[in-house]
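Structure record follows, encoded as structure tokens.
Please read all numbers here as calculations on a predicted model, not as lab measurements. Side-chain atoms are counted along with the backbone in the values below, which use heavy atoms only and exclude waters and symmetry mates. Letters A, B, ... are given to chains in the order of the sequence lines, protein chains preceding strands, and every chain is numbered from 1.
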2 protein chains.
Amino acid sequence: MATGRSTQHNPNPAAGTRRSRGRGIPDATVARLPLYLRALTALSERSVPTVSSEELAAAAGVNSAKLRKDFSYLGSYGTRGVGYDVEYLVYQISRELGLTQDWPVVIVGIGNLGHALANYGGFASRGFRVAALLDADPATTGNVVAGLPVRHTDEMEEIIRSERVSIGVITTPPGAAQQVCDRLVAAGVTSILNFAPTVLNVPDGVDVRKVDLSIELQILAFHEQRKAGDEYRDEDEAADADAEVPSAPAAAVVSTAGRAVEPGRGHGNERGQEYEEAAG
Amino acid sequence: MATGRSTQHNPNPAAGTRRSRGRGIPDATVARLPLYLRALTALSERSVPTVSSEELAAAAGVNSAKLRKDFSYLGSYGTRGVGYDVEYLVYQISRELGLTQDWPVVIVGIGNLGHALANYGGFASRGFRVAALLDADPATTGNVVAGLPVRHTDEMEEIIRSERVSIGVITTPPGAAQQVCDRLVAAGVTSILNFAPTVLNVPDGVDVRKVDLSIELQILAFHEQRKAGDEYRDEDEAADADAEVPSAPAAAVVSTAGRAVEPGRGHGNERGQEYEEAAG
DNA sequence: CCATCTTTGTGCACGCGTTCACAAAGACAT
DNA sequence: ATGTCTTTGTGAACGCGTGCACAAAGATGG
Ligand SMILES: NC(=O)c1ccc[n+]([C@@H]2O[C@H](COP(=O)([O-])OP(=O)(O)OC[C@H]3O[C@@H](n4cnc5c(N)ncnc54)[C@H](O)[C@@H]3O)[C@@H](O)[C@H]2O)c1
Ligand SMILES: NC(=O)c1ccc[n+]([C@@H]2O[C@H](COP(=O)([O-])OP(=O)(O)OC[C@H]3O[C@@H](n4cnc5c(N)ncnc54)[C@H](O)[C@@H]3O)[C@@H](O)[C@H]2O)c1
């Protein structure tokens, strides 16, 4: 869901594969494998030999049936009546996720967030190696962050090729993100983790995942508003909707008026557009 | 607002099983509204008066039919033959997301990541106000970060109550996350954005969203491995998979051997329909 | 006023993902 | 070996999300 390209729906089912026969592992399952892996690693550190699907599911915060079905896509790695062997499952999931090999990554844009990521220990702990830190600002290049020198983006292509980097992390301002993305892709990067609030345009074959703090907060705000609204009804806010809509055009007003018959549509808060400029 | 609205245009006769969601707006739609809002804000800054669903969908990186259906959950805010009024839609989405009001948030754990978030301008730009920065380490409390003093977690409950904070951001080490979460919830926080790689346990009524960099990278690695595996088969890895299994128990090894016979299940490298064309 | 053109709003079908529920598989005791 | 007990693996049903395709709505022009 977070990935830019869905690539799932082929209007032509000519392949004939009806079910999950020749198909790979469902995206939803792949997204949960790291969760299982984390829980299993914790068990492994405590030298727990086996776990049942029920226990592991609880640790991972999912339904046990879902967990079993997820594992069934990987193969039959459990033992009925006993459960799953922790070490073995750690290995299988690691292999399935491609964590048995080394993945060099570059981080582009060593500002506030780039600093934090560079210092993050969780990178190296799972086979992700920071191959380089890149920035366009001459004032920051040369600085040493987390033991690595910040190098200028002029060197991007060379580094990506020589280090065989296939994963890039973008932590530049939004205005530079697409441009940086294009350069990364042109240099050979085929997976991008984007922290900038921008919709990246990439060719087929390139995966983009985005981490957007602002979106997460807004989703929380939506539910928060709903919780608050359920307690005391918004009587005061429902009345004067149409009057205070900011610059509602004729067409839209008509549309609103036609709908004004139904109660509870508007919201009297006059600060309609408080939010001009996004980060820029 | 929920009540008055849902009574109106609901051509669906089977209202019994449907409408399970109290509000009516699907989660998937809610998750996209911030995306639309961002695109609309950009248009608004360029003084674009109206947009068609096609244009806006392109800007937001989604399907136009999906966008129209999403908007249909909010109401009929478009004009056929013309499109949507930008300013009006900005207002409607903002209101729907609850961004017309102020949301004070606290950030707990002012380390690398907490620093970055505190300095992030995108917070305030959408109605999210950092009410306080909290940390348990006496060495960091008292420091001024992004113009705000870091306060000790002893003050957490008092701050949350006095500032009416309902959203908390956790950027502590994973071991402290659950404990911090419990305190936040006990103090009145009902929405949590968790950056620590931990499964948080919360009572009903509390929303948790997680941002997990490690998981995102692992998902990218999975797809990356699949792409690489398509080019040249992973002969070396597939061959000695069993051999390198760390402490694989007898039962599990047998299970693996039995499965190795069937094609297409164990590894996901049989070139499915995803990522077809360009990938090279 | 009528014709045409554009674009919305949505009915519908389809496929993915989730969950239930249970037979089969294996451990373990006797 | 046989029976019992635990837990897996999965068939099947269902709900949700997505995208197609089209009728209706409204703008626009004559
Ligand atoms: N800081 C956060 O907590 C946070 C949260 C969510 C999203 N973001 C997003 O992450 C991005 C980075 O945020 P930040 O706070 O670190 O910003 P920042 O301004 O501190 O850092 C941006 C860095 O990118 C560099 N840069 C600019 N243009 C570049 C280019 N073309 N090539 C390479 N480097 C370039 C700058 O020199 C700077 O060092 C922004 O898009 C922001 O919206 C940040
Ligand atoms: N830095 C990153 O880029 C990054 C990326 C992904 C995830 N994370 C996760 O985010 C969290 C923070 O990462 P970080 O790099 O900022 O770590 P950090 O060690 O730099 O900062 C953690 C901060 O939390 C404070 N803290 C510890 N226990 C606390 C408690 N009980 N109450 C309040 N504050 C407490 C510490 O004093 C410290 O200031 C970690 O869980 C990490 O796994 C970080």
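- Between A/Leu89 atom CG and A/Phe71 atom CZ the span is 4.5 Å, to the nearest 0.5 Å.
- Contact check on A/Asp212 versus B/Arg38 returns a salt bridge, with a Lys/Arg side-chain nitrogen under 4.0 Å from an Asp/Glu carboxylate oxygen.
- Residues satisfying the salt bridge (Lys or Arg N to Asp or Glu O under 4.0 Å) criterion with A/Glu55, sequence neighbours excluded, are absent altogether.
- Atom OH in A/Tyr73 sits about 10 Å away from atom C1' in D/dT10, given to the nearest Å.
- To the nearest angstrom, C1' of D/dT18 lies 15 Å from CG of B/Asp27.
- Contact check, B/Arg32 against D/dT18: a side-chain N or O comes under 4.0 Å of OP1 or OP2.
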Nucleotides 20-22 of chain D: which of its N/O atoms have a protein N/O under 3.5 Å away?
{"from": "D/dA21", "atom 1": "N6", "to": "B/Arg68", "atom 2": "NH2", "distance (Å)": "3.3"}

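- Side chain A/Arg80 to base D/dT7: no donor-acceptor pair is found below 3.5 Å.
- Phosphate contact (OP1/OP2 of C/dT7, side-chain N/O of B/Ser53, threshold under 4.0 Å): absent.
- For the pair B/Leu89 CG and C/dT8 P, the interatomic distance rounds to 11 Å; values are reported in whole Å.
- Rounded to whole Å, atom P of C/dT7 lies 16 Å from atom CG of B/Asp85.
- At the heavy-atom level, B/Tyr84 lies under 4.0 Å from the strands shown only through sugar-phosphate atoms.
- Looking only at distances, no side-chain donor or acceptor of B/Thr29 sits under 3.5 Å from a matching main-chain atom of B/Ile25.
- Regarding A/Asp70, its CG atom lies at a distance of 7 Å from the P atom of C/dT18, rounded to whole Å.
- We find that CG of B/Leu67 is positioned 12 Å from C1' of C/dT7, with the value rounded to whole Å.
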Assess whether side chain to side chain contact (heavy atoms under 4.5 Å, CB included) is satisfied between B/Leu33 and B/Leu37, documenting all intermediate values.
CA-CA 6 Å; B/Leu33 290 182; B/Leu37 182 57; over 6 Å; no

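- For B/Phe71 and D/dA25, the CZ to P distance is 21 Å, given to the nearest whole Å.
- Of all nucleotides listed (C/dT8, C/dT18, C/dA27), C/dT18 comes nearest to the side chain of A/Lys66.
- Counting only distance, with no hydrogens or angles, the side chain of A/Gln218 and the backbone of B/Gly98 share no donor-acceptor pair below 3.5 Å.
- For B/Glu54 and D/dG19, the CD to P distance is 13 Å, given to the nearest whole Å.
- Counting only distance, with no hydrogens or angles, the side chain of B/Lys210 and the backbone of B/Ala196 share no donor-acceptor pair below 3.5 Å.
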